[in-house]
Asker: 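One structure coming up, written as structure tokens, with questions to follow.
Quantities reported herein were computed from a predicted structural model and do not represent experimental measurements.
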Amino acid sequence: MPELSAEPTPCEAGAPVPAGPDGSRPVAPAPDGSGPLLSLTWSDHVTGCQGHLVVDRLVRGVASGGLRMRAGCTLDEVTGLARGMTMKEALHYAPDGKYIPLGGAKGGIDCDPRDPRAYGVLVRYLRAMRPYIETIWTTGEDLGLTQDTVDRAMAEAGLVSSVQAVYRLLDDESAARRRLADAFAVEVDGIGLDELAGGCGVAESVLVALDRAQVPYAGTRVSLQGLGTMGGATARFLSRAGLRIVAVADVKGTIANPSGLDVEALLSARDAYGTVDRAALGPKDRELPGDAWLSADAEVLVPAAVSYTIDTANQSLVRARWIVEAANMPVLREAEELLARRGVTVLPDVVVNSATNAWWWWTLFGDITADADDAFAHTRRSMRELVGRVLARAEADGTTPRAAAHAIVAERLPAIVERFGWYG
């Protein structure tokens, strides 16, 4: 893996993510009141780094959820992410679709991905998790890891694929694997289709919210935290829809321009971790502190980087009307309650970024082909229907979009279990 820091960062250097300000954990309650089905922690015998795997539930004996790597990753964090995956799968359940929903799971490794030892840690983690990857857990890239890196490490660990557990559910495994491989080879203007699918879903979530509020796209200002896989693709789709990207934050700080940033120039100047080369900035672009994106004069905020970004202290800085969660769990529950009182609507991660996961399965099961236009059209249709349903439910129930999403999941899970069963 490429090194981006001058000094190695010890795997154990990252402090655990704290609980919420009142001591509560940002883990959503299970729609059926149950806890995770499986939860384990692994310790690397070489570095002392720890990794976690949580399987929230199974459907037909399989669960889906990515693998992240970051310093400070905790079991609580992975548990919350696994629960979110259960919800994402249920929200995209279409009884007449080829894509069959899976259970929810997540993996996490407490190690800085820029540490020169990180790749070795990843390979050893995958070797330890091999029995689960071969049988019940399908995974892929997440925060800190690219799919190319995951695939390379999987091969070194002796595994066939990061999604091999689902192969037994396919009608034609060889055709499905070819279709997915072909889809991963597709690029649009220099960015892989696998990166763009999730950003297309996030952007469509924003557009649905604007449509329902009768707010025109042109001139609507957006501030993003993160210009990596999800943030970069989201910025591109929103910019091309006519919205104005006025601020983007990366690890070096915030880049801002009230007149609008040149998104394509920034995308071309970013490294593998989404950090923008400041030499590419325009003459009117300004460099501001890292948290300036949060208080930007914008209608839409898109946290697209790390979890637990907006808390009870800094939520008061938010001036936007909508927060659209492209990252997983960026807004603490207590902060969301305070934001709601101020009229700020949070579109939840389990809805907004769910197209990333769904695109894999739409492609593998055969609901879409390995074609960008087909993928974008299906993503837009699906996300427009899902986001519209969640917002309509929230309005009808007089509650938040997150509560509405939970209510929809609570209704769908029993139907999924009755049709497919936990263990197949």
Side-chain angles (χ1 to χ4, degrees), residues 11-12 14 16-17 25-28 30 34-89 101-113 118-147 149-168 307 328-329 350 356-357 360-361 422-424:
C11 294
E12 59 272 18
V17 174
R25 293 290 178 184
V27 178
S34 65
L37 184 67
L38 179 152
S39 178
L40 60 88
T41 295
W42 161 87
S43 295
D44 182 26
H45 68 282
V46 176
T47 64
C49 292
Q50 289 193 327
H52 312 285
L53 170 62
V54 176
V55 176
D56 187 65
R57 70 163 52 214
L58 297 171
V59 173
R60 294 212 297 176
V62 183
S64 170
L67 171 61
R68 65 172 41 195
M69 176 181 278
R70 73 169 194 87
C73 184
T74 67
L75 180 60
D76 279 333
E77 175 182 348
V78 177
T79 301
L81 293 166
R83 175 128 313 146
M85 288 305 304
T86 291
M87 296 184 67
K88 291 175 189 179
E89 289 284 342
L102 308 175
K106 203 74 176 184
I109 303 174
D110 180 4
C111 181
D112 190 322
Y119 184 74
V121 173
L122 173 61
V123 172
R124 291 188 291 274
Y125 171 89
L126 293 175
R127 285 175 177 154
M129 299 300 159
R130 180 170 177 170
Y132 303 100
I133 296 169
E134 289 180 331
T135 57
I136 65 171
W137 177 35
T138 67
T139 190
E141 68 175 294
D142 198 86
L143 181 68
L145 294 171
T146 65
Q147 190 60 40
T149 301
V150 172
D151 289 342
R152 181 161 55 95
M154 286 279 177
E156 193 166 334
L159 288 149
V160 173
S161 165
S162 67
V163 297
Q164 67 188 79
V166 83
Y167 288 166
R168 60 185 170 82
S307 304
N328 287 312
M329 304 188 303
V350 294
T356 300
N357 176 69
W360 278 71
W361 305 132
W422 283 67
Y423 298 102

Asker: Please name all residues satisfying side chain to side chain contact (heavy atoms under 4.5 Å, CB included) with R168, sequence neighbours left out, ordered by chain then number.
Answerer: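 In terms of side chain to side chain contact (heavy atoms under 4.5 Å, CB included), with neighbours along the sequence ignored, R168 is linked to V62.
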Asker: Just by modelled atom types, is the G65 backbone N or O under 3.5 Å from a matching donor or acceptor in the W137 side chain?
Answerer: yes
Asker: Taking the side chain from S307 and the backbone from N328, do they hold a donor-acceptor pair closer than 3.5 Å?
Answerer: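 Looks like yes, one N/O pair under 3.5 Å.
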Asker: Provide the closest heavy-atom pair for P131 versus A128 in the form atom of the first, atom of the second, distance.
Answerer: CD-O, 3.6 Å
Asker: So M129 and L40, do their side chains get closer than 4.5 Å, heavy atoms only?
Answerer: yes
Asker: Could you tell me if the side chain of V55 sits less than 4.5 Å from the side chain of I136, heavy atoms only?
Answerer: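 Side-chain contact under 4.5 Å: yes.
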Asker: Looking at CZ of R70 and CG of L145, how far apart are the two atoms once the value is rounded to the nearest 0.5 Å?
Answerer: 12.5 Å
Asker: Check side chain to side chain contact (heavy atoms under 4.5 Å, CB included) between T356 and all other residues, then give those that pass, not counting sequence neighbours.
Answerer: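 With neighbours one apart ignored, the set is M230.
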Asker: Using only atom types and a distance under 3.5 Å, with no angle test, would you say the side chain of T138 pairs donor to acceptor with the backbone of A63?
Answerer: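 Answer holds: yes.
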Asker: Ignoring hydrogens, what is the shortest heavy-atom contact between G144 and P113? Give both atom names and the distance.
Answerer: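 For G144 versus P113, the nearest heavy atoms are O-CB, 3.3 Å.
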Asker: Could you go step by step and tell me if C73 and I109 meet the side chain to side chain contact (heavy atoms under 4.5 Å, CB included) rule?
Answerer: CA-CA 6 Å; C73 184; I109 303 174; over 6 Å; no
Asker: Could you tell me if the side chain of R57 sits less than 4.5 Å from the side chain of W422, heavy atoms only?
Answerer: yes
Asker: Under 4.0 Å between a side-chain nitrogen and a carboxylate oxygen: does that hold for K106 and D142?
Answerer: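 The answer is yes: the pair qualifies as a salt bridge.
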Asker: Should L38 and L58 count as side-chain neighbours, where that means a heavy-atom distance under 4.5 Å?
Answerer: no
Asker: Quick one: CE on M69 to CG on L122, what's the gap to the nearest 0.5 Å?
Answerer: 5.0 Å
Asker: Considering residues at least two apart in sequence or located in another chain, which fulfil the side-chain hydrogen bond (donor to acceptor under 3.5 Å, both in side chains) criterion with S39?
Answerer: none
Asker: Between D56 and T86, do the side chains contain an N or O donor and an N or O acceptor separated by less than 3.5 Å?
Answerer: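 Yes, a side-chain donor-acceptor pair sits under 3.5 Å.
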Asker: What residues, two or more places apart in sequence or in another chain, satisfy side chain to side chain contact (heavy atoms under 4.5 Å, CB included) together with S162?
Answerer: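 S162 satisfies side chain to side chain contact (heavy atoms under 4.5 Å, CB included) with T139, Q147, V150, D151, M154, W360 once adjacent residues are dropped.
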Asker: Would you mind listing every side chain to side chain donor-acceptor pair (under 3.5 Å) that reaches into residues 120-133, with sequence neighbours excluded?
Answerer: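 Those involving residues 120-133 are D44-R124, R130-E134.
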Asker: Looking only at heavy atoms, which two atoms of T79 and P36 are closest? And how far apart?
Answerer: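 Closest approach of T79 to P36: CG2-CG, 4.4 Å.
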Asker: Would you find a donor on one side and an acceptor on the other, under 3.5 Å apart, between the side chain of E89 and the backbone of P101?
Answerer: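 Not a single qualifying donor-acceptor pair exists.
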Asker: With rounding to the nearest 0.5 Å, note down the distance linking CG in L81 to CG in D76.
Answerer: 11.0 Å
Asker: Show, in sequence, the C-alpha distance, side-chain angles and deciding distance for L102 and V166, and conclude whether the side chain to side chain contact (heavy atoms under 4.5 Å, CB included) test is met.
Answerer: CA-CA 9 Å; L102 308 175; V166 83; 4.1 Å; yes
Asker: Checking T74 against D110: is there a side-chain donor and acceptor pair closer than 3.5 Å?
Answerer: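 Per modelled atom types, D110 and T74 side chains form no pair under 3.5 Å.
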Asker: Among all residues two or more places apart in sequence or in another chain, which pass the side chain to side chain contact (heavy atoms under 4.5 Å, CB included) test with R60?
Answerer: I100, L169, F420
Asker: Report yes if some heavy atom in the side chain of E141 is under 4.5 Å from a heavy atom in the side chain of R68; otherwise report no.
Answerer: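 In short, these two side chains do not touch, never coming nearer than 4.5 Å.
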